[in-house]
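Notes follow the structure.
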Amino acid sequence: MFPSEWFANPERINRLIDIAQSSFPHLVKGALLYSLTLAVVSFAIGLVLAILTALARISGVKLLEGIARTYISIIRGTPMLVQLFIIFYGLPNIGWTLDPIPSAIIGFSLNVGAYGSEIVRAAILSIPKGQWEAAFSIGMSYRQALQRIILPQAARVSIPPLANSFISLVKDTSLAAVILVPEMFRKAQEIAAATYEPLLIYSEAALIYWVICMVLALIQDKIEQRLDRYVAR
């Protein structure tokens, strides 16, 4: 049926409106309860992992550098979908059975940790050595210099790419549908299968993702403005 025929068919238009109205709350619920929650929890865990991995990369200790490089290489060299399948469907073969949500959190956190570590490492290395030397000259230890001088400045540098990673992660949570997490995309699949209106339902889901990402981009701008005070001029 062509779009022009849709507008000439009031019954179909009314049906589409009814489906859109009834499906919208379910999609929003899936986005808020699962998609966003998964993204926030996974990103928080992944960010800690990213900082630890970045510090291991610049530690000068060969063993730590090797472990960090191997971890990053494995995660960056394999699709996230495959990683989720290994965690959820593969680990039970060796006796480790995880529920869908913990499996998704582990998979997403490992990805944030690997990709985020390169962002954090680059941000730390971008701080001029004079900042380190100035901190040491006033008696600060390595840890104090890192916490009080280097990381606040590195945070400002890394905010844009990390924020982009978080926005990408929000969209990537749709992959959790394949391991049965009832997030927004899986809800959309269920509703589309029941109503036989995939164009309407998936367009509705895309609109919700778009709105969420726009809000996150605005929050990113605000955070960048607040962290500007830490940037050395």
Side-chain angles (χ1 to χ4, degrees), residues 15-51 75 79-92 96-116 119 159-224:
R15 179 174 182 272
L16 291 176
I17 292 174
D18 288 341
I19 292 174
Q21 289 178 337
S22 60
S23 61
F24 186 74
H26 298 289
L27 295 177
V28 171
K29 183 180 178 181
L32 296 179
L33 285 186
Y34 293 99
S35 300
L36 272 179
T37 303
L38 271 179
V40 170
V41 173
S42 301
F43 191 79
I45 298 173
L47 188 56
V48 174
L49 193 55
I51 294 172
I75 296 299
M80 188 188 296
L81 186 60
V82 174
Q83 296 162 14
L84 291 175
F85 269 62
I86 290 174
I87 295 170
F88 185 67
Y89 294 111
L91 290 183
W96 292 353
T97 301
L98 297 172
D99 290 334
I101 291 178
S103 298
I105 290 175
I106 291 172
F108 294 144
S109 299
L110 289 174
N111 271 268
V112 172
Y115 286 97
I119 295 173
I159 283 296
L162 285 177
N164 288 332
S165 296
F166 180 70
I167 291 173
S168 294
L169 178 61
V170 172
K171 292 179 289 183
D172 287 342
T173 56
S174 61
L175 291 174
V178 300
I179 58 171
L180 311 179
V181 176
E183 47 71 60
M184 181 169 67
F185 187 66
R186 182 164 180 81
K187 290 287 183 185
Q189 288 178 313
E190 293 172 351
I191 296 171
T195 60
Y196 299 102
E197 294 292 350
L199 177 60
L200 171 68
I201 301 303
Y202 290 136
S203 297
E204 203 174 6
L207 179 63
I208 295 172
Y209 277 121
W210 182 43
V211 171
I212 291 173
C213 290
M214 283 198 302
V215 172
L216 293 174
L218 290 175
I219 295 173
Q220 174 188 349
D221 289 339
K222 295 294 183 186
I223 294 175
E224 287 181 26

Is there a side-chain contact between [X] and [Y] in this structure, where contact means two heavy atoms from C-beta onward sitting under 4.5 Å apart?
X: P102; Y: D99; value: yes
X: Y34; Y: M184; value: no
X: F24; Y: L27; value: no
X: L216; Y: F166; value: yes
X: Q220; Y: N164; value: yes
X: S35; Y: V170; value: no
X: I212; Y: I167; value: no
X: F43; Y: L162; value: yes

Atom [atom1] of [X] and atom [atom2] of [Y]: how far apart are they, to the nearest 0.5 Å?
X: L169; Y: S165; atom1: CG; atom2: OG; value: 8.5 Å
X: S103; Y: L180; atom1: OG; atom2: CG; value: 9.5 Å
X: I119; Y: I159; atom1: CD1; atom2: CD1; value: 10.5 Å
X: L110; Y: I45; atom1: CG; atom2: CD1; value: 9.5 Å
X: I191; Y: S22; atom1: CD1; atom2: OG; value: 7.0 Å
X: I51; Y: L47; atom1: CD1; atom2: CG; value: 4.5 Å

Taking all non-hydrogen atoms of both residues, which atom of [X] and which atom of [Y] are closest, and how far apart?
X: V181; Y: A104; result: CG2-CB, 4.1 Å
X: A50; Y: G116; result: CB-C, 3.5 Å
X: L16; Y: L200; result: O-CD2, 3.5 Å
X: I208; Y: A31; result: CG2-CB, 4.2 Å

When you look at T97 and L91, which way does the side-chain contact (heavy atoms from CB on, under 4.5 Å) test go after all the steps? CA-CA 6 Å; T97 301; L91 290 183; over 6 Å; no
All ring pair (Phe, Tyr, Trp, His ring centres under 6.0 Å) counterparts of Y209, not counting sequence neighbours: none
Is it true that E183 and K187 make a salt bridge, defined as a side-chain N closer than 4.0 Å to a carboxylate O? no
Would you be so kind as to tabulate the donor-acceptor pairs closer than 3.5 Å made by side chains of residues 79-87, with sequence neighbours excluded?
from : atom 1 : to   : atom 2 : distance (Å)
Q83  : OE1    : N111 : ND2    : 2.5
Q83  : NE2    : I75  : O      : 3.1
Q83  : NE2    : T78  : O      : 2.9
Q83  : NE2    : T78  : OG1    : 2.7

Residues in salt bridge (charged side-chain N to carboxylate O under 4.0 Å, His left out) contact with E197, at least two apart in sequence or another chain: R12, R15
For the side chain of S23 and the backbone of A20, is there at least one donor-acceptor N/O pair under 3.5 Å apart? yes
